[in-house]
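Lettering of chains follows the sequences in order, A, B, ..., and the numbering in each one begins at 1. Everything numeric in this text was worked out from a predicted model, so none of it was measured.
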Amino acid sequence: MRLSKSFIPTLKEVPAEAVIPSHILMIRSGLVRQLSAGIYTWLPLGYKVIRKIMDIIREEMNAIGGQEFHYPALNPKEIWEQTGRVEAFGDILFHIKNREYVLAPTHEEIVAYHAKGAVVSYKDMPQIWYQIQTKFRNEPRPRSGVIRGRQFIMKDAYTLDRSFEDLDKAYDLHDKAYRKIFDRCGLKYFVVGASSGAMGGSKSEEFMVKSDAGEDTVAYCEKCGYAANVEVAQSVSTNAKRHNESKPPYEISTPNVKSIDELCEFLKIDEHETAKSRVYVHDGVPVLVLMLGNDEVNESKLGSVLGGNVRSCHPDELKEISGADAGSIGPIGFKYRIIADNLLKDANNLYSGANKNDYHIGGIDLQRDVPGTEYFDLRTVESGEKCTRCNSTLEVFKAIELGHIFKLGTKYSEALGVMYLDEHGKEHPIVMGSYGIGVERIFACYLEQNYDDKGIIWKKPLSPFDIQLIGLNMKNATVTEASEKIYNDLQKQGYEVLFDDRTDVSAGFKFNDADLLGMPVQVIAGEKNLKDGKVEVKLRATNEKQIVELSNLNVKLKELI
RNA sequence: CGGGGUGUAGCGCAGCCCGGUUAGCGCGCUUCGUUCGGGACGAAGAGGUCGGGAGUUCGAAUCUCCCCACCCCGACCA
């Protein structure tokens with residue numbers, strides 16, 4: 001493609017609305033333009049990359065027996081009501097104003113609808129149905145460029161099986177296919193076991209990429225591959241001690257001592273001798289949560305332990321509940337339910353609040369003094385703690401979810417009555433699986449992982465072009481003739497070439513544009529080298545440059561690409 | 001939805017606090033000339049409902065009120 005005739009609006013300056021590297025690069029290199037919050041137009045160069053990603057996904061989905069569909073984005077609301085998901089999605093679901101339609105945020109219902117009455121025998125299964133299509137979600141806050149949009153491209157696949165055993169097989173096929181897809185795209189990713197939430201299924205895995213732009217926080221062990229959302233992650237941590245001798249509880253005057261740090265400083269004790277108190281309200285009833293030292297309560301873990309409705313207590317409620325303000329609350333004399341983190345199990349000689357302002361109590365033996373205490377894992381894993389599997393060091397960081405695979409089970413088939421007959425003529429609901437990949441997220445994650453201060457660094461699989469051919473000074477006849485010939489030759493060799501044939505742009509400008517756009521190889525045709533029958537070949541990734549005989553160019557490129 | 005910020009030429013910004021000619025600057029764009037291997041130079045140009053509405057005032061980009069859009073943090077996130 002000729003740059004002089006292409007719409008590739010590169011920008012020298014950083015657009016105000018872009019903050020994260022991938023978003024900045026997409027806009028600066030003319031790949032994408034924003035239309036509205038969370039809604040983007042893919043420009044030709046960007047769409048070329050999108051198509052390459054989609055092709056890789058297609059090849060790998062077809063390889064496991066997937067059949068490509070194209071489901072409608074516009075769906076009758078009625079079907080969504082039958083599965084209760086109009087309510088479940090709430091404001092996230094886009095509603096059409098002048099007809100009873102919704103814009104599909106995913107397609108379980110539609111797959112089940114078409115399977116009904118059509119996939120009727122155990123002989124009709126297994127099936128893998130997938131599509132690559134635009135999805136709509138009314139995100140309350142779109143952000144991070146294309147990473148969280150209101151309209152986005154998703155590959156979604158659905159499996160239909162007769163049994164949970166067969167679903168396991170379909171799930172494993174997708175697990176393997178996903179790894180191939182992300183490997184081929186050149187991404188560094190990891191896999192997290194996750195809870196499947198409102199999708200309504202059992203087992204699920206998330207494929208994730210480490211990134212500050214991510215929306216999830218995960219704990220990851222490089223050594224053994226343990227990865228978990230911090231909402232559920234666990235680590236090896238040291239329990240509070242149980243000393244041979246339990247001191248009797250005694251009150252200590254601690255004027256103006258509120259935090260654990262202050263308490264340790266005031267009493268010259270170690271954090272591990274203290275229990276921090278947090279009060280929550282669970283379905284209207286106060287609960288005291290005790291944590292060892294300065295450990296933070298993990299509210300997701302707390303939520304799943306307690307169930308129901310949990311909120312942290314307002315400061316002005318504390319006095320009435322406990323008799324003291326924050327900083328002086330503790331288990332002794334607390335009149336409601338008390339739960340504690342596992343690390344505090346049966347600890348003694350602890351210091352904690354006295355439920356009386358400016359007083360703490362020492363010599364607390366949880367076994368003896370607070371016998372009703374229930375113990376759970378309630379703490380949040382932090383970077384540097386040890387992995388529960390291999391005892392190596394865990395790292396906690398933000399990550400972007402690229403793909404998610406679920407074992408759905410029979411939720412949708414039962415809701416919509418999608419049944420088949422087994423070999424004994426007995427009726428069963430079809431067992432479904434659901435598997436998504438965010439196409440733009442692959443794009444954004446690739447950029448997050450492959451750029452430098454000059455711009456994008458493409459590798460062959462996703463690069464919109466293999467080669468950027470730069471004709472320097474296209475007003476010079478030698479350069480024009482030679483570069484036109486090279487352009488034709490390279491294309492005949494089967495390379496995708498972006499030819500910078502602009503006549504009105506200086507050399508430096510072309511070099512910088514080429515580095516910004518980031519094709520893996522640059523072929524630079526200038527008067528200086530052409531007069532010796534040579535061109536310069538530059539590798540974008542390493543900035544390695546070599547002068548190559550024109551006659552040897554094809555051989556050289558074969559080595560490089 | 002809570003908190004913070006921004007909105008002035010295609011892009012990036014100044015001007016606003018303290019109202020007063022014809023609203024500026026850089027980049028980009030057009031024309032001509034020069035230059036031609038690391039974001040060239042000169043000259044001449046085009047381009048603006050100052051986000052929208054209402055108000056205060058002799059006079060509003062500037063002050064007041066309402067609304068909208070976009071960005072960031074949080075909540076939310078099958």
Would you kindly give the [atom1]-to-[atom2] distance between [X] and [N], to the nearest whole Å?
| X | N | atom1 | atom2 | result |
| --- | --- | --- | --- | --- |
| A:Lys538 | B:G37 | NZ | P | 16 Å |
| A:Glu139 | B:A75 | CD | P | 15 Å |
| A:Leu517 | B:G38 | CG | P | 19 Å |
| A:Lys12 | B:G10 | NZ | C1' | 14 Å |
| A:Gln522 | B:G39 | CD | P | 15 Å |
| A:Asp532 | B:G37 | CG | C1' | 14 Å |
| A:Asn229 | B:C77 | CG | C1' | 12 Å |
| A:Asp504 | B:U34 | CG | P | 16 Å |

Base, sugar-phosphate, or nothing: which does [X] touch, judged by heavy atoms less than 4.0 Å apart?
| X | result |
| --- | --- |
| A:Leu11 | nothing |
| A:Val505 | nothing |
| A:Asp515 | base |
| A:Gln34 | sugar-phosphate |
| A:Asp91 | nothing |
| A:Met474 | nothing |
| A:Ser144 | sugar-phosphate |
| A:Lys475 | base |
| A:Asn476 | nothing |
| A:Arg28 | base |
| A:Lys135 | nothing |

Hey, is [X] close enough to [Y] for a salt bridge, meaning N to O under 4.0 Å?
| X | Y | answer |
| --- | --- | --- |
| A:Glu108 | A:Lys411 | no |
| A:Lys169 | A:Asp166 | yes |
| A:Asp501 | A:Lys5 | no |
| A:Arg540 | A:Asp452 | yes |
| A:Asp172 | A:Lys176 | no |

Measuring from the side chain of [X] (C-beta onward, heavy atoms only), which nucleotide among [options] has the closest atom?
| X | options | value |
| --- | --- | --- |
| A:Arg148 | B:C77, B:C71, B:G39 | B:C77 |
| A:Glu17 | B:G37, B:C71, B:C76 | B:C71 |
| A:Asn512 | B:C76, B:C71, B:G39 | B:G39 |
| A:Val19 | B:C71, B:G37, B:G39 | B:C71 |

Inter-nucleotide [atom1] distance ([N], [M]), Å rounded:
| N | M | atom1 | answer |
| --- | --- | --- | --- |
| B:C77 | B:G19 | P | 49 Å |
| B:U31 | B:A46 | C1' | 10 Å |
| B:G74 | B:G28 | C1' | 38 Å |
| B:C27 | B:G20 | P | 28 Å |
| B:C29 | B:G12 | C1' | 15 Å |
| B:C41 | B:A23 | C1' | 29 Å |
| B:C17 | B:C63 | P | 5 Å |
| B:A9 | B:C50 | C1' | 10 Å |

Indicate whether A:Phe511 forms a stack on B:G38; treat it as stacked only if centroid distance is below 5.5 angstrom and interplanar angle below 30 degrees. yes

Looking at [N], which nucleotide sits across from it as a Watson-Crick or G-U wobble partner, both distances under 3.5 angstrom, or is there none?
| N | result |
| --- | --- |
| B:U34 | B:A40 |
| B:C1 | B:G74 |
| B:C16 | none |
| B:G45 | B:C29 |
| B:G7 | B:C68 |
| B:A61 | none |

Reckon A:Ser506 has a side-chain N or O less than 4.0 Å from the OP1 or OP2 of B:U35? no

Under-3.5 Å donor-acceptor pair between [X] side chain and [N] base:
| X | N | value |
| --- | --- | --- |
| A:Asn529 | B:G37 | yes |
| A:Arg141 | B:C77 | no |
| A:Glu13 | B:G28 | no |

Nearest heavy atom decides the nucleotide; on that basis, is A:Pro15 or A:Gly526 closer to the 5' end of RNA chain B? A:Pro15

When the nearest nucleotide of RNA chain B is assigned to A:Val535 and to A:Pro105 on a heavy-atom basis, which residue is associated with the more 5' position? A:Val535

Do the numbers put A:Lys48 on top of the ring of A:Phe465, so that NZ or CZ is under 6.0 Å from the six-membered ring centre and no more than 45° off the axis? yes

Once rounded to the nearest 0.5 Å, what's the spacing between atom CD1 of A:Ile442 and atom CE of A:Met54? 11.0 Å

d(A:Asn512 CG, A:Lys12 NZ) to nearest 0.5 Å is 9.0 Å

Considering only heavy atoms from C-beta outward, does the side chain of A:Leu31 approach that of A:Ile456 to under 4.5 Å? yes

